[in-house]
Asks: 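For reference, the structure I am asking about is given below.
Scope of the values below: all heavy atoms of this structure, side chains included, with no hydrogens, waters or symmetry mates. Here, residue 1 is the first one in the sequence, and each next residue gets the next number.
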Amino acid sequence: QVQLVESGGGLVQPGGSLILTCVASGTISMIGDMSWYRQAPGKERELVATVARDASTNSAGSVKGRFTISRDNAKNTVYLQMNSLKPEDTAVYYCNAKRLWGSMDYWGKGTLVTVSS
C-alpha cells in the first residue's frame, strides 16, 4: 500500500556531497517515521537517520554533523543530505517508512553510494 523509490546515489570523491531523495506513494496517510538505512558490503543494515512527521530528527553517531535528514510531507518526500563523505560511507542506502498504527515497515529498493578516489 506504500511504495518508496530512492534516487540520487552515485560515485563521489571523499569529502564530496550527495543528496538522496525518497518519494513515497500509495496510502501516504499510513506513514509515520521515515528513515534512511544503509548496508555496506559485508555489513549488516544499519540505521543512519530518522525523521518524524513533526520534522524532529535523530541520526547515528557515525554521520552526526555530516548528514542531515529532512522531509516534505506535502511532497511525500524524504531527503538525506550527505556532506564530507568518507569511503566508509559507501553502502546501499535504503528508504524506510513505518506504518503509524502498527509495526510494519515499508522499504525502497535502495540506491548505491560509492565514495572513492
Asks: Among pairs that include at least one residue of residues 91-104, which meet salt bridge (charged side-chain N to carboxylate O under 4.0 Å, His left out), considering only residues two or more places apart or in two chains?
Replies: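 Sorted result for residues 91-104: Lys98-Asp105.
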Asks: Please tell me whether Val78 and Met30 are part of a single hydrophobic cluster in this structure, the criterion being side-chain heavy atoms less than 4.5 Å apart.
Replies: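 Val78 clusters together with Met30.
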Asks: Given the rule that I, L, V, M, F, W and Y join up when any side-chain heavy atoms are under 4.5 Å apart, are Leu85 and Leu112 in one cluster?
Replies: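 No: no chain of side-chain contacts under 4.5 Å links Leu85 to Leu112.
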Asks: Taking only distance into account, with no hydrogens and no angle test, what donor-acceptor pairs under 3.5 Å do side-chain atoms of residues 45-54 form with protein atoms, sequence neighbours excluded?
Replies:
residue : atom : partner : partner atom : Å
Glu46   : OE2  : Arg38   : NE           : 2.8
Glu46   : OE2  : Arg38   : NH2          : 3.3
Thr50   : OG1  : Ser35   : OG           : 2.7
Arg53   : NH1  : Ile31   : O            : 2.8
Asp54   : OD1  : Ser56   : N            : 3.0
Asp54   : OD1  : Ser56   : OG           : 2.8

Asks: Would you please name every residue forming a ring-ring contact (aromatic ring centres under 6.0 Å, His included) with Tyr37, sequence neighbours left out?
Replies: Trp107
Asks: Are Val115 and Phe67 connected into the same hydrophobic cluster when the rule is that any two of I, L, V, M, F, W, Y join if their side-chain heavy atoms are below 4.5 Å apart?
Replies: yes
Asks: Taking all atoms of both residues into account, what is the closest heavy-atom pair of Tyr94 and Gly108, and its distance?
Replies: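 So the two residues come closest at CD2-O, 3.6 Å.
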Asks: Please give me the minimum heavy-atom distance between Asp89 and Tyr93, naming the atom from each residue.
Replies: O-OH, 2.7 Å
Asks: Holding to salt bridge (Lys or Arg N to Asp or Glu O under 4.0 Å), I want the full list of residues that pass it with Asp72, two or more places apart in sequence or in another chain.
Replies: none
Asks: Just wondering, are more than 12 heavy atoms of other shown residues or ligands nearer than 6.0 Å to CD in Gln81?
Replies: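 For Gln81, atom CD is crowded (more than 12 foreign heavy atoms under 6.0 Å).
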Asks: Working to the nearest 0.5 Å, report the span between CG of Asn73 and CE of Met34.
Replies: 9.0 Å
Asks: Quick one: side-chain contact (heavy atoms from CB on, under 4.5 Å) partners of Ala60, sequence neighbours excluded?
Replies: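 Result, side-chain contact (heavy atoms from CB on, under 4.5 Å) vs Ala60: Ser62, Val63.
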Asks: Test of understanding: clusters of I, L, V, M, F, W, Y form through side-chain heavy atoms closer than 4.5 Å, transitively. Do Ile19 and Leu80 belong to the same one?
Replies: no
Asks: Calculate, to the nearest 0.5 Å, the distance between atoms OG1 and CG belonging to Thr111 and Leu20 respectively.
Replies: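 CG of Leu20 is found 6.0 Å from OG1 of Thr111.
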Asks: Working to the nearest 0.5 angstrom, can you tell me the gap between Asp33 CG and Thr57 OG1?
Replies: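 Going from the CG atom of Asp33 to the OG1 atom of Thr57 covers 11.0 Å.
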Asks: Under a single-linkage definition using a 4.5 Å side-chain heavy-atom cutoff for Ile, Leu, Val, Met, Phe, Trp and Tyr, are Tyr106 and Ile69 assigned to the same hydrophobic cluster?
Replies: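 Tyr106 and Ile69: one cluster.
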Asks: Please tabulate, one pair per line, all N/O donor-acceptor pairs under 3.5 Å involving side-chain atoms of residues 4-18, not counting sequence neighbours.
Replies:
residue : atom : partner : partner atom : Å
Glu6    : OE1  : Lys109  : N            : 3.1
Glu6    : OE1  : Gly110  : N            : 2.9
Glu6    : OE2  : Cys95   : N            : 2.7
Glu6    : OE2  : Gly110  : N            : 3.2
Ser17   : OG   : Asn83   : OD1          : 2.9

